Amino acid sequence: MRALTSWIWQPRSRGKEQPTRSQGVSSVPIQDAETLLAPPHRRTTLDEIAALTRLPTRHHNALVLTAIHNYAAFVQQLPASEAHHHAGRGGMLDHGLEVLRQALLVRRGRLLPIGGAPEQVAHQHDIWTYAVAMAALL
């Protein structure tokens, strides 16, 4: 685990003395997905995502929500950028959830596969929704 998190302790500026933990660099605790997704703004986004997938609850929880939990556990409190959009703690998680929600909004207005027969479109609706959701989360 130390190898995965060693970049946290590296200073941003090159050529200066490296700070130590006692010099004010604080660690960020590793949290579980439930804790990371608990804030109200994230719960609201998760509810919107569930409504947009229109998958049966059992399938949504097993497929989409499991992937979201894995994503949250992976990105933890990482920022999405240094100084721009979602630059604060947890910015990458917020950004990923927003991209997922937007992709599902766009998918709602599309018939997939393109040029497919109506029966094929109806039969594959949930599969395409899942594919769009996972592509957005990636």
Side-chain angles (χ1 to χ4, degrees):
M1 186 65 171
R2 180 72 180 139
L4 292 174
T5 59
S6 63
W7 61 271
I8 294 173
W9 304 112
Q10 295 175 357
R12 289 186 189 193
S13 58
R14 307 255 184 236
K16 293 185 178 179
E17 183 179 319
Q18 294 199 6
T20 63
R21 290 183 191 190
S22 62
Q23 292 175 327
V25 176
S26 62
S27 64
V28 179
I30 303 296
Q31 298 176 333
D32 65 353
E34 287 295 330
T35 304
L36 293 164
L37 295 169
H41 71 284
R42 291 184 183 144
R43 298 297 326 157
T44 300
T45 304
L46 289 173
D47 291 342
E48 292 171 1
I49 289 168
L52 287 168
T53 62
R54 297 182 185 165
L55 294 171
T57 303
R58 183 179 66 141
H59 295 156
H60 174 78
N61 291 345
L63 299 171
V64 178
L65 198 55
T66 298
I68 291 171
H69 279 237
N70 289 336
Y71 178 76
F74 182 72
V75 299
Q76 289 289 313
Q77 297 275 349
L78 289 174
S81 71
E82 283 189 34
H84 300 289
H85 185 63
H86 293 303
R89 277 191 180 174
M92 184 62 92
L93 180 54
D94 290 332
H95 178 74
L97 293 175
E98 289 175 13
V99 167
L100 176 52
R101 183 184 62 216
Q102 284 301 119
L104 289 171
L105 281 170
V106 171
R107 189 273 177 268
R108 187 172 62 172
R110 302 286 190 270
L111 296 177
L112 296 172
I114 296 172
E119 299 82 20
Q120 183 184 21
V121 169
H123 181 71
Q124 295 180 357
H125 181 271
D126 291 347
I127 295 168
W128 279 99
T129 298
Y130 177 69
V132 166
M134 293 306 99
L137 201 54
L138 288 172

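Note that this is a predicted model, so its numbers are computed, not measured.
At least one donor-acceptor pair closer than 3.5 Å links the side chain of Arg42 to the backbone N or O of Leu36.
Residue Leu112 is not grouped with residue Leu105 when hydrophobic side chains (ILVMFWY) are merged at heavy-atom distances under 4.5 angstrom, including chains of intermediate members. Follow the hydrophobic side-chain contacts under 4.5 Å out from Ile114 and you never reach Val106; the two are in separate clusters. Residues Val64 and Val99 do not share a hydrophobic cluster, clusters being chains of Ile/Leu/Val/Met/Phe/Trp/Tyr side chains in contact below 4.5 Å. Both Ile49 and Leu37 are members of a single hydrophobic cluster when ILVMFWY side chains are connected at heavy-atom separations under 4.5 Å.
The distance from atom CG of Leu63 to atom CD1 of Ile127, rounded to the nearest 0.5 Å, is 10.5 Å. The CG atom of Leu97 sits 12.0 Å away from the CD atom of Gln102 when rounded to the nearest 0.5 Å.
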List, one per line, each side-chain donor-acceptor pair under 3.5 Å for residues 67-79, sequence neighbours excluded.
from  : atom 1 : to    : atom 2 : distance (Å)
Asn70 : ND2    : Thr66 : O      : 3.4
Tyr71 : OH     : Met92 : O      : 3.0
Gln76 : OE1    : Gln31 : N      : 2.7
Gln76 : NE2    : Gln31 : O      : 2.7
Gln76 : NE2    : Ala73 : O      : 2.9
Gln77 : NE2    : Gln31 : OE1    : 3.1

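Sorted by first and then second residue, the side chain to side chain donor-acceptor pair (under 3.5 Å) pairs involving residues 126-138 (not counting sequence neighbours) are Arg107-Thr129, Gln124-Trp128. Each side chain to side chain donor-acceptor pair (under 3.5 Å) pair with one or both residues in residues 47-60, not counting sequence neighbours, appears once here: Glu48-Arg101, Thr53-His60.
When all heavy atoms are compared, the tightest approach of Gly116 to Val121 is O-CG2, 3.8 Å.
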